[in-house]
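In what follows, a structure is listed as structure tokens, so that the remarks can point back to it.
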Amino acid sequence: MRQHGDIFSAAWRRQAVGYVERCRLEDGGYFLARMLPSGSMDTYFAVKSLSILGEKPAYPEAVAEFFRDQMKEGAPGGLTGLFATAEVMNELDQPVDDLRRYIPRILAMQNRAGGFGTVENLYVEVARSEEHTTEP
């Protein structure tokens with residue numbers, strides 16, 4: 001039965017959860033294309049989607065192990081991968097203490113503007129077409 005303020009029917013929820021779970025792969029993560037290896041961002045989106053639907057992954061320990069394996073192999077894919085790892089591990093009530101070792105690497109990515117990314121390394125002309133001017 002629908003609760004007040006719940007815009008998703010029970011049938012729709014089951015379909016959505018079923019779709020997400022069909023994107024789970026043998027390595028413990030998720031990939032929407034359903035091909036190995038799983039991706040950290042697809043796994044993040046899968047876990048967050050399930051959370052919005054009031055669900056947890058069918059195999060939360062396998063998902064956590066997917067991210068632990070990435071950490072054993074090195075960094076989980078830059079800032080985006082670290083974000084996905086921290087968010088999913090928090091969502092699964094898993095410790096994130098292992099991520100502390102990446103703090104120096106994260107701080108090294110801080111740019112002169114105070115943010116994190118490639119602001120000073122972004123070549124502005126890349127966004128402009130060589131054939132068509134963007135000026136009036």
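Applying the side-chain hydrogen bond (donor to acceptor under 3.5 Å, both in side chains) test to Asp27 and every residue at least two apart in sequence or in another chain returns Ser38. In terms of the side chain to side chain contact (heavy atoms under 4.5 Å, CB included) criterion, residue partners of Ala11 (sequence neighbours excluded) are, by chain and number, Ser9, Arg14. In this structure Ala16 satisfies the side chain to side chain contact (heavy atoms under 4.5 Å, CB included) test together with Trp12, Leu53, sequence neighbours excluded. Considering only residues two or more places apart in sequence or on other chains, Arg100 meets the salt bridge (charged side-chain N to carboxylate O under 4.0 Å, His left out) condition with Asp97.
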What side-chain donor-acceptor pairs closer than 3.5 Å can you find for residues 19-26, not counting sequence neighbours?
unit_1 : atom_1 : unit_2 : atom_2 : d
Glu21  : OE1    : Arg24  : NE     : 2.9
Glu21  : OE1    : Tyr30  : OH     : 3.3
Glu21  : OE2    : Tyr30  : OH     : 3.0
Glu21  : OE2    : Ala58  : N      : 3.0
Arg22  : NH1    : Gly18  : O      : 3.2

Exercise. Applying side-chain contact (heavy atoms from CB on, under 4.5 Å), run through Thr43 and Phe66 and close with a yes or a no.
Key: CA-CA 9 Å; Thr43 303; Phe66 167 74; 3.6 Å; yes
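For residues 49-58, the pairs satisfying side chain to side chain donor-acceptor pair (under 3.5 Å) are Ser51-Glu91, with sequence neighbours left out.
Residues Thr80 and Ser40 fail the side-chain proximity criterion, which asks for heavy atoms closer than 4.5 Å.
Rounded to the nearest 0.5 angstrom, Glu87 CD and Phe67 CZ are separated by 10.5 Å.
When hydrophobic clusters are built by joining Ile, Leu, Val, Met, Phe, Trp and Tyr residues whose side-chain heavy atoms come closer than 4.5 Å, directly or via intermediates, Leu82 is grouped together with Val96. A single hydrophobic cluster is not seen to contain both Phe31 and Phe45; linkage of ILVMFWY side chains at heavy-atom distances under 4.5 Å, directly or through other members, places them apart.
In this structure, Arg68 pairs ionically with Glu61, as a charged nitrogen and a carboxylate oxygen lie closer than 4.0 Å.
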